[in-house]
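Down below is the structure, laid out as structure tokens.
Letters go in sequence order (proteins before strands), and every chain restarts at 1.
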Amino acid sequence: MAKPSIPKGTRDFSPVEMAKRNYIFNTIREVFHLFGFQQIETPAMENLSTLMGKYGEEGDKLLFKILNSGDFLSEATDEELASRNTLKLASKLCEKGLRYDLTVPFARFVVMHRNEISFPFKRYQIQPVWRADRPQKGRYREFYQCDADVVGSDSLLNEVELILMTDEVFHRFGIRTCIKVNNRKILSGIAEIIGEPDKIVDITVAIDKLDKIGLEKVNEELREKNISEKAIALLQPIILLQGTNREKLQTLQSVLASSEIGMKGIEELTYILDKVENANLRATFEIDLTLARGLNYYTGAIFEVKALDVQIGSITGGGRYDNLTGVFGMPGVSGVGISYGADRIFDVLNQLDLYPKDSLQTTQILFVNFGKTEEEYCIACARQLRKEGIRTEIYPEASKMKKQMGYADGKQIPYVALAGENEIAAGKITVKNMSNGEQKLLSIDELIALFK
RNA sequence: GUGAAUGUAGCUCAAUUGGUUAGAGCGUCGGAUUGUGGUUCCGAAGGUCGCGGGUUCGACCCCCGUCUUUCACCCCA
């Protein structure tokens, strides 16, 4: 038989890895609750009609599609089969797909449950998503997202709260971060000013390379993308945008003065900056015009978080989408959300070794097994300890001491309880502290007190 | 999706530019040690050299294909 394997870009998680991952999920969940978000879940698979066309052409290609069950080939005509057009056939053969993110399924959820939901609705969702991407470090085909979104409120206070929440999350993890913001309206304003509304993506991609390749090469690239000389000249102050956040806003204000939408974006960003500056963020906060993520549906603020001490893609991203539910026939509901990439946070935490010690411990005390007669006594003790919420296990075999102590050692169990003939006669338990080797003869109550 | 590297024991890596029986450290398991782990000593298990084909008297080594992992684009968490 061939060696078993798992699909490309997927992973198994060991007990130690799961302990770490649960620490991540629990920390994020706790902060979500702290900010008033409530949890929902949606199915792993959605109808392809829900998913297709929501992530752009690129996204459609990266969707995992699920083959229909049953005799689906009979549905297709000979003509269609002969055409060998994968995309066309796919729509015949597959009507379901694995979710690509949590935002679109959430939009679907809001539309389907609109009569039960009262707005503003703040929900969070921690579930895996799947993308048929080519895997790399920090990029998987199955990974978890932790999303928090607010729908049904236009207030910019939501944006501010999401930033404060993000700061709190990464503070708790001990990860030094830079929170970057941009605004889609400013990007639209820039496009309007230079008269190249279709080239926004090309422009932001080119500007993003400034540090790497320098101003001249950036301009060269812009020319290659058929952007006029006049437009490039107008872009110069934006490409060279530098200084503090305030200075950047000032520059933009003069460049975008004639663009109504651009000025709206600046106004929004200014409000956010005012509030955030007063909040004493622990993360650095930076306006970055090259942020152009998710351009397909973001309409206002755009966020992204980078870890300062680890070379990895962004670990969090989000933004405002004014009309996501519109595509499902429910216009006028705006939302703003943020998505934490649990798997990348996992990689960052591993690399920096930032796990708190007590987050990884499992069993607190192990009872050594001396044999059948002693087992009874241990089971009774264990029951009392567990009643007090102390994580307790009994070694299942009367193996050699070395083996049993080695088990406790390997599992990093801090205490080992020994209850043999002598202890049972005295109604007590010998407790060994595994870190310093000290042993004490204790009553069950004294043992419980040890953990309080 | 485009271009490029990579793959030997559970892990990290060797094997004299094609030569016969593929090695080491760590880890695992057992023993030294019948109520005491982390140290030490001894021993054992574990490999169709990623998989499939080809060249050759002979392939871990060369060639082709394929899969995995990784890197740069693209995109993104």
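In this structure, the CG atom of A:Asp409 is 15 Å from the C1' atom of B:U28, given to the nearest Å.
Across the C1' atoms, B:C41 and B:C49 are found 33 Å apart, a figure rounded to whole Å. When the P atom is used for both B:U12 and B:U70, the distance is 12 Å, rounded to whole Å. Distance check on atom P: B:G46 versus B:G53 gives 26 Å, rounded to whole Å. Spacing between B:G38 and B:C26 at atom C1', rounded to whole Å, works out to 16 Å. Taking atom P on both B:A15 and B:U6, the two are 15 Å apart, rounded to the nearest angstrom. Rounded to whole Å, the separation between the C1' atoms of B:G25 and B:G52 comes to 33 Å. Going from the P atom of B:C61 to that of B:G7 covers 12 Å, rounded to whole Å. Distance noted for atom P between B:G65 and B:G27: 42 Å (whole Å).
The residues A:Lys440 and A:Glu446 are annotated as not salt-bridged, no charged nitrogen and carboxylate oxygen being separated by less than 4.0 angstrom. Salt-bridge check for A:Glu30 with A:Arg172: passed, with a basic side-chain N closer than 4.0 Å to an acidic carboxylate O. For A:Asp343 and A:Arg21, the salt-bridge test passes: some basic side-chain N is under 4.0 Å from an acidic carboxylate O.
The base of B:G37 is paired with the side chain of A:Lys432 by a donor and an acceptor separated by under 3.5 Å. Residue side chain A:Glu423 reaches the base of B:G35 through a donor-acceptor N/O pair under 3.5 Å, judged by distance alone. A:Gln439 contributes a side-chain N or O that forms a donor-acceptor pair with the base of B:U36 under 3.5 Å. No donor-acceptor contact under 3.5 Å links the side chain of A:Arg139 to the base of B:C71. Judged by distance alone, with hydrogens and angles left aside, A:Arg134 brings a side-chain donor or acceptor within reach of the base of B:U2, the pair sitting under 3.5 Å.
Nearest nucleotide to the side chain of A:Lys402, out of B:G35, B:C75, B:G38: B:G38. The A:Leu418 side chain lies nearest to B:U36 when the options are B:U36, B:C74, B:A32. Comparing B:U36, B:A77, B:C74 against the side chain of A:Met405 picks out B:U36 as the nearest. When the nucleotides B:G35, B:C75, B:C71 are ranked by their closest atom to the side chain of A:Asn422, B:G35 comes out on top. Here the side chain of A:Lys8 is nearest to one of B:U68, B:A77, B:A72, namely B:U68.
By the 5.5 angstrom centroid cut-off and the 30-degree plane limit, A:Tyr340 is classified as not stacked against the base of B:A77.
Within 4.0 Å (heavy atoms only), A:Gly59 reaches no atom of the nucleic acid at all. Among the heavy atoms of the strands, none lies under 4.0 Å from A:Lys61. Residue contacts for A:Gln145: at a heavy-atom cut-off of 4.0 Å it reaches the sugar-phosphate backbone alone, with no base atom in range.
In this structure, A:Phe35 and A:Glu161 approach most closely via the heavy-atom pair CE2-O, 3.8 Å.
Ring centroids of A:Tyr144 and A:Phe346 are separated by 6.0 Å or more, keeping the two rings apart.
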